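Heads up: the structure comes next, in structure tokens.
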Number of protein chains: 2
Amino acid sequence: MTRKGGPLDPAQLAGYFALMEVSSLLQHAVEQHLRVDGGLSWVQFQILARLNDAPGGQQRMTDLADGVVYSRSGLTYQAGVLEKAGLVSRSPSTDDERSTTVTITEEGRALLLRVLPGHIDVVRELFLDHLSADDLAVLTEVLGRVRDGMRAAPPRSAAPRSSRTARASG
Amino acid sequence: MTRKGGPLDPAQLAGYFALMEVSSLLQHAVEQHLRVDGGLSWVQFQILARLNDAPGGQQRMTDLADGVVYSRSGLTYQAGVLEKAGLVSRSPSTDDERSTTVTITEEGRALLLRVLPGHIDVVRELFLDHLSADDLAVLTEVLGRVRDGMRAAPPRSAAPRSSRTARASG
DNA sequence: TATTGTTATACTCTATAACTATA
DNA sequence: TATAGTTATAGAGTATAACAATA
């Protein structure tokens with residue numbers, strides 16, 4: 001059906017490009033707003049948002065890295081930046097002494113709340129305002145399916161980020 | 001209809017997150033492939049792809065920057081990297097002496113062709129294979145509309161990238 | 001021995017401002 | 001005076017590998 005192995009047909013190319021272009025423009029706009037309005041990068045905003053939604057405002061480093069950043073050291077770096085800014089705190093986990101628990105601070109929550117309205121404005125102006133409710137529903141359903149597929153089937157040579165990793169050699 | 005000024009409803013949030021998550025995972029996977037397989041970054045790949053499609057394999061720096069990179073110096077940097085690698089060449093434009101014309105070399109085209117099949121495989125596996133033809137059509141149409149809206153209406157305080165820029169002060 | 005997280009390090013990339021040259 | 005592009009520079013971010021500590 002999709003001519004496996006061959007080049008992409010125009011419809012496929014158009015869909016791929018549209019996705020990348022829209023997301024890229026949106027992310028750039030959002031990033032600019034976050035930087036100006038709250039001194040936050042996109043990754044930092046995501047970390048705070050996740051912590052804010054997590055029970056108790058906390059998560060383990062590994063769970064946090066899963067889906068936000070693509071390397072452990074990357075998260076360590078970002079957590080350090082956020083901690084220095086007083087937006088999160090880190091402490092050894094009680095149950096597993098190897099783990100570090102990251103907790104969003106009151107300041108972190110406050111900053112998030114302060115930044116959120118403007119963030120939403122940007123998302124609305126650039127993205128949501130151009131969609132009907134039906135469009136949005138379809139888009140979400142379709143992209144949700146794609147996301148599930150991605151998560152289920154990691155591409156060749158890419159290990160899933162948090163489960164048991166099977167390796168052939170060193 | 002969309003409660004302007006208020007928070008996003010769950011459907012809007014879900015759509016926004018789905019878009020960002022899918023595009024981010026896809027871009028990361030594609031970037032990894034391009035790096036391993038061709039030593040190219042995402043931006044560099046886009047530059048080569050645009051030049052490859054352009055008549056004569058050439059474009060002016062400004063036209064190239066428009067839509068690929070977000071600052072002129074950023075493109076100068078990338079063009080320098082690509083030129084050093086022998087994938088593009090730069091020469092002064094004939095008609096406008098201020099302009100620089102970037103041209104993709106044979107090596108550049110060859111590298112692009114070599115990398116493309118694997119690139120397409122990744123896009124297929126992670127993205128296209130999870131969509132029906134109808135899904136794809138709808139997605140493309142909807143995202144195309146969003147893209148047009150973005151291009152037409154630059155967000156508050158963001159100047160369009162290539163037209164006359166109105167400034168209040170320094 | 002595997003997992004969690006940090007550190008050191010090197011590298012890529014981006015943006016700002018100052019600058020040159022042409023229109 | 002405005003536009004096209006480069007340079008210098010500084011800063012943010014990322015990944016890899018080596019490391020320490022716990023399971």
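Here is how names work: the chains are called A, B, and so on, in the same order as the sequence lines, proteins then strands, and each is numbered from 1. Just so we're clear, the structure is a prediction, and the values are computed from it rather than from any experiment.
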So what does A:T100 hit on the nucleic acid, given a heavy-atom distance under 4.0 Å: a base, only sugar-phosphate, or nothing? sugar-phosphate

Nearest whole Å is fine: how far is D:dA4 P from B:D66 CG? 11 Å

Can you tell me the distance, in whole Å, between the CG atom of B:L75 and the P atom of C:dA15? 12 Å

With B:T103 via side-chain hydrogen bond (donor to acceptor under 3.5 Å, both in side chains) - residues at least two apart: B:Q58

How long is the line joining CD1 of B:I47 and C1' of C:dT12, in whole Å? 14 Å

Quick one, give me the B/S/- string for nucleotides 10-22 of chain D, reading 5' to 3', where B means a protein heavy atom under 4.0 Å from the base and S means that only happens at the primed atoms, P, OP1 or OP2. --SBBBB-----B

Applying side chain to side chain contact (heavy atoms under 4.5 Å, CB included), name anything that partners A:R60, two or more places apart in sequence or on another chain. A:T62, A:D63, A:S93, A:S99

Between B:K84 (NZ) and C:dT12 (P), how many Å, whole number? 10 Å

Residues that A:Q78 engages under side-chain hydrogen bond (donor to acceptor under 3.5 Å, both in side chains), provided they are two or more places apart: A:Q44

Taken in chain and number order and not counting sequence neighbours, the residues that satisfy ring pair (Phe, Tyr, Trp, His ring centres under 6.0 Å) with B:F45 are B:H119

Classify the nucleic acid contact of B:S99 as base, sugar-phosphate or nothing, counting any heavy atom under 4.0 Å across all strands shown. sugar-phosphate

Kindly write out the residues that satisfy salt bridge (charged side-chain N to carboxylate O under 4.0 Å, His left out) with B:R109, not counting sequence neighbours, or none if the list is empty. none

Quick one: A:R60 CZ to C:dT3 P, roughly how many Å, whole number? 12 Å

Below 30° counts as parallel, above 60° as perpendicular, anything between as tilted: where do the rings of B:F127 and A:Y16 land? tilted

Distance in angstrom units between A:Q32 CD and C:dT14 P, rounded: 15 Å

